[in-house]
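Would you mind keeping the following structure in view while I ask a few things?
The figures that follow rest on heavy atoms only: side chains count, while hydrogens, waters and symmetry mates do not.
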Amino acid sequence: AKSEAIKKAQEQADKLMKVADEQSQKLITTAQTAAKQINDAAKVAADKVRSEGNAQADKLLNEAKAKGPIAEKLAKAPAEKLRKEAEKKATDIETKAQSESQAKINQAKQESDKIKAKAKAEGDKLIEDAKKK
């Protein structure tokens, strides 16, 4: 009877772990999906910032070109500055999103570990209690 009780407790413990694994996987998958959405949105925003910066730089150069070679030469540095500023803003957007999305995944992993640890502790207790009977 004791070995039967231990066997049942082991089955219950296995079920607890299975449920915990499913919950954990769901949490992590949800976090990964959210992270991907954050990164995708950031890429769109960053690409827009880059293209706007390049468009402003091109416009500046084209207007200067129309005024002559000296004006064109003088416009090169400010145009390059516009491109660099846009690139920095775009990179900042992507970096911030990357860090935000990684934080979501890390949080989900921590939650997942807690769920699994709780299930294991409950399962271990069931087995211990069965052994005492």
Could you pull out all donor-acceptor pairs under 3.5 Å where a side-chain atom in residues 98-108 meets a protein atom, sequence neighbours excluded?
residue	atom	partner	partner atom	Å
Ser101	OG	Asn39	OD1	3.3
Ser101	OG	Asn39	ND2	3.2
Ser101	OG	Ala97	O	3.1
Ser101	OG	Gln98	O	3.0
Gln102	NE2	Asn106	OD1	3.1
Asn106	ND2	Gln102	O	3.4

Q: Working to the nearest 0.5 Å, report the span between CG of Leu27 and NZ of Lys109.
A: 12.5 Å
Q | Salt bridge Asp21-Lys26, side-chain N to carboxylate O under 4.0 Å | A | no
Q: Sequence neighbours left out, what pairs pass salt bridge (Lys or Arg N to Asp or Glu O under 4.0 Å) with at least one residue falling in residues 71-81?
A: Lys81-Glu85
Q.
Going by side chain to side chain contact (heavy atoms under 4.5 Å, CB included), name the residues that satisfy it together with Thr95, two or more places apart in sequence or in a different chain.
A. Thr91
Q. Among all residues two or more places apart in sequence or in another chain, which pass the side-chain hydrogen bond (donor to acceptor under 3.5 Å, both in side chains) test with Lys96?
A. none
**Q.** Test applied, side-chain contact (heavy atoms from CB on, under 4.5 Å); reference residue, Val49; option that passes from Asn54, Val44, Asp92, Ile93
**A.** Ile93
**Q.** Counterpart residues, side-chain hydrogen bond (donor to acceptor under 3.5 Å, both in side chains), relative to Thr29 (two or more places apart)
**A.** Gln25
In a table with atom names and distances, give each donor-acceptor pair under 3.5 Å that connects a side chain of residues 125-132 to protein atoms at least two apart or in another chain.
residue	atom	partner	partner atom	Å
Lys125	NZ	Asp129	OD2	3.0

Q.
Working to the nearest 0.5 angstrom, can you tell me the gap between Arg50 CZ and Arg83 CZ?
A. 13.5 Å
Q) For the atom pair CD (Gln12) and CD (Gln10), what is the distance rounded to the nearest 0.5 Å? A) 10.5 Å
**Q.** Results of salt bridge (Lys or Arg N to Asp or Glu O under 4.0 Å) for Glu63 - residues two or more places apart only
**A.** Lys59
Q | Gap between atom CE of Met17 and atom CG of Asp14 - 0.5 Å precision | A | 9.0 Å
Q.
Suppose we screen for salt bridge (Lys or Arg N to Asp or Glu O under 4.0 Å). Which residues come up paired with Lys48, at least two apart in sequence or across chains?
A. Glu52
Q. To the nearest 0.5 Å, how far apart are CG in Asp58 and CG in Leu82?
A. 10.0 Å
Q) What residues form a salt bridge (Lys or Arg N to Asp or Glu O under 4.0 Å) with Lys89, not counting sequence neighbours? A) none
Q: Taking all non-hydrogen atoms of both residues into account, name the closest pair between Pro78 and Ala75 and its distance.
A: CD-O, 3.2 Å
Q. What's the shortest heavy-atom distance between Ala79 and Leu60, and which atoms?
A. N-CD2, 3.7 Å
Q | salt bridge (Lys or Arg N to Asp or Glu O under 4.0 Å) partners for Glu111, two or more places apart | A | Lys114
Q. Quick one: side chain to side chain contact (heavy atoms under 4.5 Å, CB included) partners of Ala71, sequence neighbours excluded?
A. Ala64, Lys67
Q. Considering residues at least two apart in sequence or located in another chain, which fulfil the side chain to side chain contact (heavy atoms under 4.5 Å, CB included) criterion with Gln23?
A. Val19, Ile115
